[in-house]
Amino acid sequence: MKLTVVGCSGSFPSADSACSSYLVEADGYRLLLDMGNGALGELQRHCGLYDLDAIVLSHLHADHCIDMCAYFVVRYFRFEGGRCAALPVYGPAGTEERLTAAHADVPSEGAMREVFDFRTLTDGGVLELGPLRVRSALVDHPVEAYGFRIEHGDSVLTYSGDTGRTPALDDLARDAGLFLCEASFTHGKEDIPGLHLNGREAGETARRAGASRLVLTHVPPWTDAQVNLRDAKAAFDGPVELARPGAVYEV
């Protein structure tokens with residue numbers, strides 16, 4: 001698998017990065033994880049607008065899904081080649097309604113589903129997406145939110161989505177070749193259960209799960225990323241780094 005970081009800023013875009021969005025490719029198949037603020041523009045650096053095979057949305061906070069409204073425009077109003085066929089979009093219950101409300105001025109009540117084939121994620125569900133096997137699990141966040149374990153042959157990529165401390169994440173990241181884990185909070189500063197992890201907790205999760213490599217993501221602009229990196233390294237002996245836009249990883 002190849003993982004490309006499209007955007008990695010948490011909560012809102014930074015001066016350097018769009019919000020959460022990650023492109024996973026294997027055997028010519030392209031899966032996008034999340035499409036937060038600013039992600040659609042950055043995506044075009046790495047993939048054609050009409051080259052995605054599926055999208056998976058971890059949850060429905062704007063910093064993970066709001067550019068789907070702009071992507072609706074891209075697909076619905078395409079002139080050359082005609083309107084796009086419906087693209088599989090997997091998300092929590094109510095994804096279609098959330099995006100329709102966010103866009104506000106759709107041509108018809110069912111316009112979104114004309115270009116997006118909405119499908120609902122479930123806790124413990126398994127998706128067979130081209131050559132990829134994707135397992136979803138509920139994680140600990142104020143809204144319905146999922147983390148993912150993505151397998152291609154013997155390779156494993158885990159994406160935490162947004163979550164506080166939860167055993168479900170340890171299971172998803174078990175023996176992962178790459179663990180893409182949120183680290184929004186700073187150890188010793190914020191401690192709000194059921195919301196986000198800090199760098200130390202991300203490192204501890206990677207250690208417990210036996211992950212090979214940890215990449216910290218979803219660090220908001222107001223958080224000192226270097227502190228979170230330091231704290232993660234103190235808790236996890238394997239390679240640790242900060243996600244950055246355009247970074248590419250082979251898993």
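This structure is a prediction, so every number in the text was calculated from the model and none was measured.
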Practice task
Taking all heavy atoms of L216 and all of L229, pick out the closest pair and write down the distance.
Solution key: CD1-CA, 3.8 Å
Exercise for the section: Would you kindly confirm whether V251 and L127 end up in one hydrophobic cluster when ILVMFWY residues are joined by side chain heavy atoms under 4.5 Å apart? Expected result: yes
Exercise for the section: Would you indicate whether the side-chain heavy atoms of T163 and H59 approach each other to under 4.5 Å? Expected result: no
Exercise for the section: Would you kindly confirm whether Y29 and Y50 end up in one hydrophobic cluster when ILVMFWY residues are joined by side chain heavy atoms under 4.5 Å apart? Expected result: no
Exercise for the section: Take E190 and N198 through the side chain to side chain contact (heavy atoms under 4.5 Å, CB included) test and state the conclusion after the steps. Expected result: CA-CA 8 Å; E190 303 108 333; N198 58 47; over 6 Å; no
Completion exercise
Distance col, row H187:NE2 vs E201:CD, nearest 0.5 angstrom, shows 8.5 Å
Exercise for the section: Give a yes or no on whether R207 atom CZ has more than 12 heavy-atom contacts from other residues, nucleotides or ligands under 6.0 Å away. Expected result: yes
Practice task
Would you mind checking if R75 and E114 are paired as a salt bridge, meaning a charged N to carboxylate O distance below 4.0 Å?
Solution key: no
Handout entry: Distance in Å, T158 OG1 paired with L180 CG, rounded so as to fall on 0.5 Å steps
Key = 9.5 Å
Handout entry: Beyond-backbone contact of V89 with L99, side-chain heavy atoms, under 4.5 angstrom
Key = no
Exercise for the section: Evaluate whether atom CZ of R244 has more than 12 neighbouring non-hydrogen atoms of other residues, nucleotides or ligands under 6.0 angstrom away. Expected result: no
Practice task
For R165 and L197, work out which heavy atoms get closest and say how close.
Solution key: N-CD2, 3.6 Å
Practice task
Flag the pair V134 / Y90 as yes when at least one side-chain heavy-atom distance between them is below 4.5 Å, and no otherwise.
Solution key: no
Handout entry: Y76 side chain reached by F116 side chain, heavy atoms, under 4.5 Å
Key = no
Fill in the blank from the handout: Test side-chain contact (heavy atoms from CB on, under 4.5 Å), reference L32, set T4, I55, D53, V24, output is I55
Exercise for the section: Could you pull out the closest heavy-atom pair between E182 and A202, with the gap in Å? Expected result: O-CB, 4.0 Å
Problem - P245 vs R45 side-chain heavy atoms within contact, under 4.5 Å - result: no
Practice task
Tell me whether V5 is reachable from L23 by hopping between hydrophobic residues (I, L, V, M, F, W, Y) whose side-chain heavy atoms are closer than 4.5 Å.
Solution key: no
Practice task
Decide whether H61 and D162 meet the rule of one side-chain donor and one side-chain acceptor closer than 3.5 Å.
Solution key: no
Problem - Ionic contact status for D224 with R230, cut-off 4.0 Å - result: no
Handout entry: Taking every non-hydrogen atom, the tightest pair across H218 and S20
Key = CD2-OG, 3.4 Å
Problem - Shared hydrophobic cluster for L49 and M35 (ILVMFWY, side-chain gaps under 4.5 Å) - result: yes
Practice task
Verify, without hydrogens or angle tests, whether D140 (side chain) and T166 (backbone) share a donor-acceptor contact under 3.5 angstrom.
Solution key: no
Handout entry: Donor-acceptor pair, side chain of R174 and main chain of R208, under 3.5 angstrom
Key = yes
Practice task
Answer whether the closest heavy-atom distance between the side chains of V156 and D175 falls below 4.5 Å.
Solution key: no
Exercise for the section: May I ask you to decide if L138's main-chain N or O and D123's side chain share a donor-acceptor pair within less than 3.5 Å? Expected result: yes
Handout entry: Test: E128 and R133 ion pair at under 4.0 Å
Key = yes
Exercise for the section: Return the minimal non-hydrogen interatomic distance between P107 and F72, and the atom names on each side. Expected result: CD-CZ, 3.9 Å
Problem - Neighbour count >12 (heavy atoms, 6.0 Å) for atom CZ, R30 - result: yes
Exercise for the section: Return yes if some donor-acceptor pair links the side-chain N/O of D117 with the main-chain N/O of A86 below 3.5 Å, else return no. Expected result: no
Problem - Closest contact, heavy atoms only, C8 versus T217 - result: CB-OG1, 3.2 Å
Practice task
Determine whether V73 and L57 fall in the same hydrophobic cluster, where Ile, Leu, Val, Met, Phe, Trp and Tyr are linked whenever their side-chain heavy atoms lie under 4.5 Å apart.
Solution key: yes
Fill in the blank from the handout: The single option from F148, Y249, Y159 that satisfies ring pair (Phe, Tyr, Trp, His ring centres under 6.0 Å) with Y22 is Y159
Problem - Heavy-atom side-chain proximity of V56 to L31 below 4.5 angstrom - result: yes
Practice task
For residues 93-105, pull every pair meeting side chain to side chain donor-acceptor pair (under 3.5 Å), keeping only residues two or more places apart or in separate chains.
Solution key: E96-R113
Handout entry: H152 side, atom NE2; L129 side, atom CG - distance, nearest 0.5 Å
Key = 12.0 Å
Practice task
Check which hydrophobic residues are tied to F185 through side-chain heavy-atom contacts below 4.5 Å, counting indirect links as well, and list them.
Solution key: I192, L195
Practice task
Could you tell me whether E109 atom CD has more than 12 heavy atoms of other residues or ligands within 6.0 Å of it?
Solution key: no
Problem - 4.5 Å side-chain heavy-atom contact, D34 and D63 - result: no
